[in-house]
Engineer: 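Before I ask anything, here is the structure I am working with.
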Amino acid sequence: MDQGRVVEAFRCEAGRLARAMSGLSQTEWRLPTRCVPWTVSGLMAHVRVVIAWLPGMLAAPEPIRAEVSAVEYYRPDGRFAPDVNAARIALAQDHAAEQLSGAALAQGFDATWQEVYRLCRAEPEGRVVRTRHGDPMLLSEFLLTRVVEVAVHGLDLADALGREPWMTPQAADVMQDLLLGPNSAAALEHLGWSRLRFLRKATGRDPITREEAAEVDRLGIRWLTLG
């Protein structure tokens, strides 16, 4: 996927999330989310942690070539094992606990995403990075996974706060292409779902019926493994 397009989607979605999370009350920061055991603050800390890997990745030696795509990144292997998920949960909870307030957490996320955007925007097309799981990936492909993190957990946060979803068209576009491939518009039209409804179902945020699942399989749509 075009690197400039993904960088712009990241800018739009991360900036929208930062604005949505500013000004929350202490009560709102403590609300539960569907991502148990995270509260709103714990989930927001997780989103900051998963984008904060990028500066270190860009500072590290560049791999010779990319070997893993964004779709392959979500393969069901050890990165989603119970012990890895437990460590992921604990890391976010620890980060949230270190903040003096929810406002400080929101400000930290705002500063982090802007730094990541600045660094990624300066990188040439075809830049390769190595993930913390050891995957050599194009920056565009790894950053696409970060758009997924910000956008999908944005749905979780909006639901927890009782707000309408704020997903940006730019993020929805790249996620639709990631999930449905080059003929994404035709596949979505065939399913008869709105784009937001599709993305909610595809990421487990809305239930899917047996008949819908059968049609998804017939179309050859491959759901991603999400932790």
Side-chain angles (χ1 to χ4, degrees), residues 1-24 40-63 66 68-71 73-74 88 91-92 95-96 98-99 102-133 135-158 163 165-179 195 199 203 224 226-227:
M1 193 173 291
D2 176 73
Q3 185 169 302
R5 181 185 175 205
V6 179
V7 170
E8 179 63 9
F10 176 78
R11 181 191 69 81
C12 293
E13 191 65 17
R16 184 66 186 89
L17 176 59
R19 292 191 296 275
M21 301 305 289
S22 65
L24 296 189
V40 167
S41 64
L43 183 52
M44 191 63 192
H46 168 68
V47 177
R48 181 187 180 278
V49 166
V50 299
I51 67 171
W53 297 115
L54 267 155
M57 291 165 59
L58 290 169
E62 182 175 0
V68 177
S69 68
V71 170
Y73 175 86
Y74 287 106
R88 187 179 293 120
L91 182 60
H95 177 64
E98 290 169 358
Q99 308 306 304
L105 179 58
Q107 290 165 7
F109 171 78
D110 195 33
T112 300
W113 85 255
Q114 291 191 53
E115 179 191 13
V116 168
Y117 169 66
R118 177 182 60 80
L119 292 172
C120 291
R121 189 181 180 189
E123 292 293 334
E125 189 77 31
R127 175 69 154 90
V128 181
V129 295
R130 189 178 302 279
T131 73
R132 69 189 183 96
H133 300 292
D135 296 323
M137 298 179 68
L138 287 170
L139 173 60
S140 59
E141 292 290 291
F142 181 73
L143 189 60
L144 179 53
T145 71
R146 303 308 89 180
V147 174
V148 172
E149 291 280 349
V150 176
V152 170
H153 287 315
L155 292 176
D156 298 329
L157 289 164
R163 298 185 185 180
W166 52 67
M167 187 182 295
T168 62
Q170 294 85 349
D173 281 345
V174 296
M175 288 176 61
Q176 177 179 315
D177 287 353
L178 170 66
L179 290 160
R195 183 161 60 180
L199 292 174
T203 59
L224 305 180
L226 301 174

Engineer: Compare all side-chain heavy atoms of Gln3 with those of Leu138 and state whether any distance is below 4.5 angstrom.
Structural biologist: no
Engineer: Where do Arg130 and Met57 land on the side chain to side chain contact (heavy atoms under 4.5 Å, CB included) test, with the steps shown first?
Structural biologist: CA-CA 6 Å; Arg130 189 178 302 279; Met57 291 165 59; over 6 Å; no
Engineer: Can you see which heavy atom on Leu105 is nearest to which on Ser41, and at what distance?
Structural biologist: CD2-O, 3.2 Å
Engineer: Decide whether Glu141 and Ser69 meet the rule of one side-chain donor and one side-chain acceptor closer than 3.5 Å.
Structural biologist: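 Side chains of Glu141 and Ser69: no pair found under 3.5 Å.
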Engineer: Applying side chain to side chain contact (heavy atoms under 4.5 Å, CB included) to Val174 and Val148, what does each step give before you reach the verdict?
Structural biologist: CA-CA 9 Å; Val174 296; Val148 172; over 6 Å; no
Engineer: If I take atom CG from residue Leu178 and atom CG from residue Leu199, how far apart are they, to the nearest 0.5 angstrom?
Structural biologist: 10.0 Å
Engineer: Determine whether Met175 and Val152 make a side-chain contact, defined as any pair of heavy atoms from C-beta on separated by less than 4.5 Å.
Structural biologist: yes
Engineer: Using only atom types and a distance under 3.5 Å, with no angle test, would you say the side chain of Gln170 pairs donor to acceptor with the backbone of Cys12?
Structural biologist: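 Between the backbone of Cys12 and the side chain of Gln170 there is no qualifying donor-acceptor contact (under 3.5 Å).
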Engineer: For the pair Glu13 (side chain) and Thr168 (backbone), establish whether a donor and an acceptor sit closer than 3.5 Å, ignoring hydrogens and angles.
Structural biologist: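 Yes; judged by distance alone, with no hydrogens or angles, the pair exists.
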Engineer: Locate the shortest heavy-atom distance separating Pro165 from Ala158; write the atom from each residue and the value.
Structural biologist: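 Scanning both residues completely, I find the closest heavy atoms to be CA-CB, 4.1 Å.
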Engineer: So how far is it from Asp173 CG to Arg195 CZ, rounded to the nearest 0.5 Å?
Structural biologist: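 Result: 4.0 Å between the selected atoms.
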Engineer: Just wondering, do Val129 and Arg127 contact through their side chains at under 4.5 Å, heavy atoms?
Structural biologist: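 Touching, per the 4.5 Å side-chain cut-off.
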Engineer: Between Phe109 and Met21, does the side chain to side chain contact (heavy atoms under 4.5 Å, CB included) criterion hold? Intermediate values first, please.
Structural biologist: CA-CA 10 Å; Phe109 171 78; Met21 301 305 289; over 6 Å; no
Engineer: Measuring only between side-chain heavy atoms, which start at C-beta, is Leu179 closer than 4.5 Å to Val71?
Structural biologist: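 No - every pair of side-chain heavy atoms lies 4.5 Å or more apart.
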Engineer: Show the nearest heavy-atom pair for residues Glu123 and Leu139, with the distance to one decimal.
Structural biologist: CB-CD2, 3.7 Å
Engineer: Between Thr112 and Arg48, does a side chain to side chain donor-acceptor pair (under 3.5 Å) hold up when you go through it step by step?
Structural biologist: CA-CA 7 Å; Thr112 300; Arg48 181 187 180 278; 3.0 Å; yes
Engineer: Kindly indicate, with the supporting measurements, whether the criterion salt bridge (charged side-chain N to carboxylate O under 4.0 Å, His left out) is fulfilled by Glu8 and Arg5.
Structural biologist: CA-CA 5 Å; Glu8 179 63 9; Arg5 181 185 175 205; over 6 Å; no
Engineer: What closest approach, in Å, do Val6 and Ser140 show between heavy atoms, and which atom pair accounts for it?
Structural biologist: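 Looks like CG1-O, 3.6 Å.
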Engineer: In Å and rounded to the nearest 0.5 Å, what is the CZ to CE distance from Arg16 to Met167?
Structural biologist: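 So the gap between those two atoms works out to 12.0 Å.
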Engineer: Can you give me the closest heavy-atom contact between Pro55 and Val116, atom names plus distance?
Structural biologist: CD-CG2, 4.0 Å
Engineer: Taking only residues two or more places apart in sequence or in another chain, which ones pass salt bridge (Lys or Arg N to Asp or Glu O under 4.0 Å) with Glu149?
Structural biologist: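 Here no residue qualifies.
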Engineer: Can you find a pair of side-chain heavy atoms, one from Leu43 and one from Asp156, that are under 4.5 Å apart?
Structural biologist: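 Yes. Closest side-chain heavy atoms under 4.5 Å.
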Engineer: Contact between Trp53 and Thr131 at the side-chain level, heavy atoms closer than 4.5 Å - yes or no?
Structural biologist: no
Engineer: Do the non-hydrogen side-chain atoms of His133 and Tyr73 ever get within less than 4.5 Å of each other?
Structural biologist: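 Touching, per the 4.5 Å side-chain cut-off.
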Engineer: For the residue pair Leu157 and Leu17, establish whether any side-chain heavy-atom pair is separated by less than 4.5 Å.
Structural biologist: yes
Engineer: Step by step, work out the side chain to side chain contact (heavy atoms under 4.5 Å, CB included) result for Phe10 and Leu144.
Structural biologist: CA-CA 8 Å; Phe10 176 78; Leu144 179 53; over 6 Å; no
Engineer: Using modelled atom types only, decide if a donor and an acceptor are shared between the side chain of Asp135 and the backbone of Met137 within a distance under 3.5 Å.
Structural biologist: no
Engineer: Heavy atoms only: give me the nearest Arg146-Ile51 pair and the separation to one decimal.
Structural biologist: CB-CG2, 4.3 Å
